[in-house]
There are 2 protein chains.
Amino acid sequence: MSKQTKARIIEAAEYLFALQGYGQTSMREITARADVNLASVNYHFGSKKNLIQAVLKRYFDVMMPQIDEALAKLVPSVGRKGVDQVLQNLKGPLLNLNAVQPDGTEMFVQLLGKGYTESQGHLRRFIMGSYGETVQTILAMLRTALPAIPADELFWRLHFAIGSFVFSMASSQALKDIAKADYQQDIDIADVIEHLFPFVAQGISGDGYQNEG
Amino acid sequence: MSKQTKARIIEAAEYLFALQGYGQTSMREITARADVNLASVNYHFGSKKNLIQAVLKRYFDVMMPQIDEALAKLVPSVGRKGVDQVLQNLKGPLLNLNAVQPDGTEMFVQLLGKGYTESQGHLRRFIMGSYGETVQTILAMLRTALPAIPADELFWRLHFAIGSFVFSMASSQALKDIAKADYQQDIDIADVIEHLFPFVAQGISGDGYQNEG
DNA sequence: GTCTATAGGTTGATAGAC
DNA sequence: GTCTATCAACCTATAGAC
């Protein structure tokens with residue numbers, strides 16, 4: 001059955017990509033884990049590149065419309081409160097990815113991080129080409145919340161925020177181990193978000209920016 | 001001459017590692033760029049793993065003692081000001097890496113970022129094993145600056161801060177491209193730090209934490 | 001210390017039988 | 001749609017001549 005095979009490949013691939021990265025995961029590993037034939041990846045997806053995009057597309061296609069919908073209704077307040085509102089509206093769509101797949105949210109963020117740092121140009125082009133509009137909407141909302149902060153400064157802060165998130169996920173196994181050993185805490189993705197969003201909101205809202213000469 | 005060859009290898013390797021990552025850079029690329037024989041890497045460093053560690057060690061061995069020295073004299077104030085003081089004392093040693101090599105700071109942080117996200121366990125183990133004490137000192141300083149914030153909450157924030165930094169560096173090429181295209185800015189590492197530190201300080205110092213149930 | 005040559009393994013992709 | 005077999009290219013590492 002084609003449908004089953006295709007789905008098995010996607011699931012195996014996303015697990016391994018999230019864990020090891022794209023470049024370090026071979027098609028042989030993927031097909032072995034999916035328990036399908038090696039040649040079936042190229043039959044169903046054409047190439048490894050296409051498979052990588054298909055894995056991410058599955059999540060983006062669920063999340064981005066939800067974000068669009070959530071933000072369409074929003075007129076953010078000015079200041080820290082507005083930033084909180086924007087972030088709050090991202091939280092739902094993000095956590096809903098757990099419906100796509102068990103641990104889907106965590107998987108997605110890790111895939112995103114790996115895609116960013118393994119500077120495979122084709123992935124960034126694919127994302128920005130397909131979903132750039134939603135990204136722009138998020139930025140516009142933050143601009144409404146923080147009208148006094150220049151666009152380029154906001155661009156920086158948004159990227160720092162993404163970095164906090166992605167890094168936490170990318171090293172989440174290490175974080176989990178440390179937290180358990182040193183602080184007797186068992187962590188899941190919702191915990192990370194609960195700690196992360198105040199940190200990020202605080203950092204984004206700061207008014208102490210200055211363009212150094 | 002052995003010394004020259006070894007140095008040429010290190011320089012070529014760190015450039016390519018920083019640009020492409022460790023896994024995606026082959027010894028053939030390195031030796032071609034260094035204009036030395038392929039076999040010389042294994043002769044001088046034993047293995048690719050050792051070469052990776054040697055590249056990072058060159059920077060850590062310069063920076064970590066400087067951080068130790070800078071922090072030894074410091075008794076941070078309480079509050080946001082204390083956090084700023086701690087970060088300020090990290091800035092110098094970090095920027096001094098430009099003395100190791102032109103663009104040394106940028107190179108180093110990119111190497112660090114790639115090392116963290118390409119979860120090559122041996123690298124994290126090497127770093128924490130060799131320089132973990134300095135990391136602990138930094139944490140202790142932040143605890144002095146923010147005595148009201150529980151240790152586990154500070155642990156979270158420190159990781160988010162590291163995440164902002166490492167991710168920004170690991171994806172700095174992408175950031176540069178975007179900044180140039182969308183905001184007509186040419187960025188260097190000092191710019192990134194100038195934007196990053198206030199963001200991080202703001203996020204770490206926030207007093208709006210709450211342990212959700 | 002430097003070189004050539006090569007071993008021994010991996011990779012992504014494909015041709016062609018079924 | 002699935003399989004086997006294989007290609008051509010790449011990889012790290014090493015043996016051994018100079």
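Chain A is the first sequence line, chain B the second, and so forth, proteins listed ahead of strands; every chain is numbered from 1. Computed from a prediction, not measured in an experiment: that's the story for all the values here.
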Partner set under ring pair (Phe, Tyr, Trp, His ring centres under 6.0 Å) for Phe160(A), not counting sequence neighbours: Trp156(A), Phe199(B)
Under-4.0 Å side-chain N/O to phosphate OP1/OP2 contact, Thr5(A) with dT2(D): yes
Annotated protein contacts, base or backbone, on nucleotides 12-18 of chain C with a non-hydrogen cut-off under 4.0 Å, one of B, S, - each: BBB----
Partner set under side chain to side chain contact (heavy atoms under 4.5 Å, CB included) for Thr144(A), not counting sequence neighbours: Pro76(A)
Nearest-angstrom distance from the residue atom CD1 of Ile30(A) to P of dT11(C): 10 Å
Whole-Å gap separating C1' (dT11(C)) and CD (Gln24(A)): 13 Å
Nearest atoms (heavy-atom pairs only) where Val83(A) meets Leu146(A): CG2-CD1, 3.7 Å
dT4(C) OP1/OP2 closer than 4.0 Å to side-chain N/O of Asn37(B): yes
Counterpart residues, ring pair (Phe, Tyr, Trp, His ring centres under 6.0 Å), relative to Phe17(B) (two or more places apart): Tyr22(B)
Nucleotide dG1(D), atom C1' - distance to CD1 of Ile9(A) in whole Å: 11 Å
Of all pairs that satisfy salt bridge (charged side-chain N to carboxylate O under 4.0 Å, His left out), the ones with a partner from residues 59-70 of chain B, not counting sequence neighbours: Lys57(B)-Asp61(B)
Qualifying residues under ring pair (Phe, Tyr, Trp, His ring centres under 6.0 Å), relative to Phe60(A), sequence neighbours excluded: Phe108(A), Tyr131(A)
